[in-house]
Number of protein chains: 2
Amino acid sequence: MQPLRLNEFLPYRLSVLAAVVSEGLARSYSEQFGIGVPEWRVMATIGEFRSITAKAIGEHAHMGKVKVSRAVASLEGRGLIQRTQNAEDMREAFLVLMPAGDDMYRQIVPMALGYAETLRAGLSRDEVAVLDQLIDKLMARATVMPSAG
Amino acid sequence: MQPLRLNEFLPYRLSVLAAVVSEGLARSYSEQFGIGVPEWRVMATIGEFRSITAKAIGEHAHMGKVKVSRAVASLEGRGLIQRTQNAEDMREAFLVLMPAGDDMYRQIVPMALGYAETLRAGLSRDEVAVLDQLIDKLMARATVMPSAG
DNA sequence: TATTGTTATACTCTATAACTATA
DNA sequence: TATAGTTATAGAGTATAACAATA
């Protein structure tokens, strides 16, 4: 049987890397702004699109509707975002950043971009490009794969 | 302000990729063998070293002592592993796979390696090598980084 | 005093499904 | 019937610290 060395095993390596990276960034914005990963992803998505429904956020930020709903409720309760029902389909609402949310967003974005920049700082321009391609390819494979075994 | 597009943001991309990859693999062994990620990591580490303490497992598999302790208790309760106190330091115990655990391990390893192989199947030999280097570099950066901002 | 490992506590997160309102 | 979104429930996972045993 082929040996399996955990520290050379791709799924394990990706999992640990993502956890370390995610925790490093999340610690910053959770300490400074008191929000968690789901709230950050919702704010980032609203900030990116300016006005968007909960469903579209879930699709864009890889979150289920329950998680989106709870993050939205939390952000709305803190006055960071506002929802306005769509008059043409009263089931859904458009979400936008309130001034306080926009302030926070404008503080988090440079910090987050700086974090990603620092991460990439050890890589050459070519390596950065290859990294992005590799992530895309692996995502495509992993998404299509039925399951192992 | 520089825009932040979530789907181009490295920490987010790594997080989603790792989650998709990890879930695909974990679904297989959880359905077939009824173990979760911590149990799999403990078994993989014992299988790799044949005999090892809980503390060393935690260091090797990036798990806290509480998580290791609970995974070990679960695996021991199912007769998959056995612990033997170290006569030279009675605080710790060496863990080994029992026959049933070894059987399971020998079924999971080829499946897990096959999964990783399928993941990499779309990559060239060069890309695989670069990927491993990139993960190492990013891990080193992320581990050293104090926090963002 | 420090270390290995376990247990307790409270807390958070999650998955599922039931539910409301609207289409 | 189907969809957008919320709420309920229960179960799993987590962090922290307290704890026992040993060094």
Side-chain angles (χ1 to χ4, degrees), chain A residues 15-16 18-20 22-24 26-27 29-31 33-42 45-46 49 51-78 81-96, chain B residues 15-16 18-20 22-24 26-27 29-31 33-42 45-46 49 51-78 81-96:
Chain A
S15 173
V16 173
V20 171
S22 183
E23 280 158 22
R27 189 173 39 232
Y29 58 67
S30 79
E31 280 173 4
F33 305 105
I35 62 170
V37 174
E39 287 78 20
W40 152 245
R41 288 190 183 170
V42 165
T45 304
I46 298 176
F49 295 97
S51 175
I52 186 169
T53 66
K55 186 189 183 192
I57 291 173
E59 284 160 2
H60 187 255
H62 206 259
M63 298 163 67
K65 64 180 181 173
V66 173
K67 195 181 286 191
V68 172
S69 173
R70 289 190 175 131
V72 163
S74 158
L75 294 170
E76 194 190 19
R78 293 178 54 186
I81 67 175
Q82 186 180 45
R83 63 181 117 192
T84 310
Q85 278 195 312
N86 179 4
E88 293 171 13
D89 183 344
M90 297 295 279
R91 292 175 302 185
E92 67 186 14
F94 295 113
L95 301 161
V96 297
Chain B
S15 174
V16 173
V20 170
S22 182
E23 279 157 23
R27 187 172 41 229
Y29 58 66
S30 77
E31 280 173 4
F33 304 105
I35 63 172
V37 173
E39 288 78 19
W40 152 244
R41 286 189 184 172
V42 165
T45 305
I46 299 176
F49 296 96
S51 175
I52 187 169
T53 66
K55 185 188 183 193
I57 291 173
E59 284 159 2
H60 187 255
H62 206 259
M63 297 164 68
K65 64 179 181 174
V66 172
K67 195 181 286 192
V68 173
S69 174
R70 290 192 173 130
V72 163
S74 158
L75 294 170
E76 194 191 19
R78 293 178 53 185
I81 67 175
Q82 188 181 42
R83 63 181 117 193
T84 310
Q85 279 195 312
N86 178 5
E88 293 170 13
D89 183 344
M90 297 295 279
R91 290 175 303 186
E92 67 186 15
F94 295 112
L95 302 161
V96 296

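Please read all numbers here as calculations on a predicted model, not as lab measurements. Order of the sequence lines sets the chain letters (A, B, ...), proteins ahead of strands, with each chain counted from 1.
Heavy atoms only, all atoms of each residue included: A/Arg83 and A/Ala93 are closest at CB-CB, 4.1 Å. Heavy atoms only, all atoms of each residue included: B/Ala54 and B/Val68 are closest at O-CG1, 3.7 Å.
Using a 4.0 Å heavy-atom distance criterion, A/Val68 is classed as making no nucleic acid contact. A/Ala73 comes within contact range of no nucleotide atom at all, as no heavy-atom separation falls under 4.0 Å. B/Val72 comes within 4.0 angstrom of nothing in the nucleic acid, heavy atoms only.
The NZ-P distance, from A/Lys67 to D/dT7, rounds to 18 Å in whole Å. Straight-line distance from the CD atom of B/Glu59 to the C1' atom of C/dG5: 13 Å, rounded to whole Å. Atom CZ in B/Arg83 sits roughly 14 Å away from atom C1' in D/dA21 (whole-Å rounding). Separating the CD1 atom of B/Ile57 from the C1' atom of C/dT4 is a distance of 13 Å, rounded to the nearest angstrom. As rounded to whole Å, 13 Å separates atom P of C/dT14 from atom NE2 of A/His62. Residue A/Met63 contributes atom CE, which lies 12 Å from atom P of C/dA15 at whole-angstrom precision. Rounding to whole angstrom units, CD of residue B/Glu92 and C1' of D/dA23 are separated by 11 Å. The NZ atom of A/Lys55 sits 14 Å away from the P atom of D/dA2 (whole-angstrom rounding).
The side-chain heavy atoms of B/Arg70 and B/Pro38, taken from C-beta on, include no pair separated by under 4.5 Å. Side-chain contact between B/Thr53 and B/Phe94 is present, with at least one heavy-atom pair separated by less than 4.5 Å. Residues A/Phe49 and A/His60 meet the side-chain proximity criterion, which asks for heavy atoms closer than 4.5 Å. A/Leu95 is not listed as a side-chain neighbour of A/Glu76, based on a closest heavy-atom distance of 4.5 Å or more.
A sub-4.0 Å separation between OP1 or OP2 of C/dT6 and a side-chain N or O of B/Ser69 is present.
The residue among B/Thr53 and A/Arg70 whose nearest nucleotide of DNA chain C lies closer to the 5′ end is B/Thr53.
Interatomic distance, B/Ile52 CD1 to B/Ile57 CD1, rounded to the nearest 0.5 Å: 5.5 Å.
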Pairwise N/O distances under 3.5 Å, protein to nucleotides 18-23 of chain C:
unit_1	atom_1	unit_2	atom_2	d
C/dT22	O3'	A/Met90	N	3.4
C/dA23	OP1	A/Met90	N	2.8

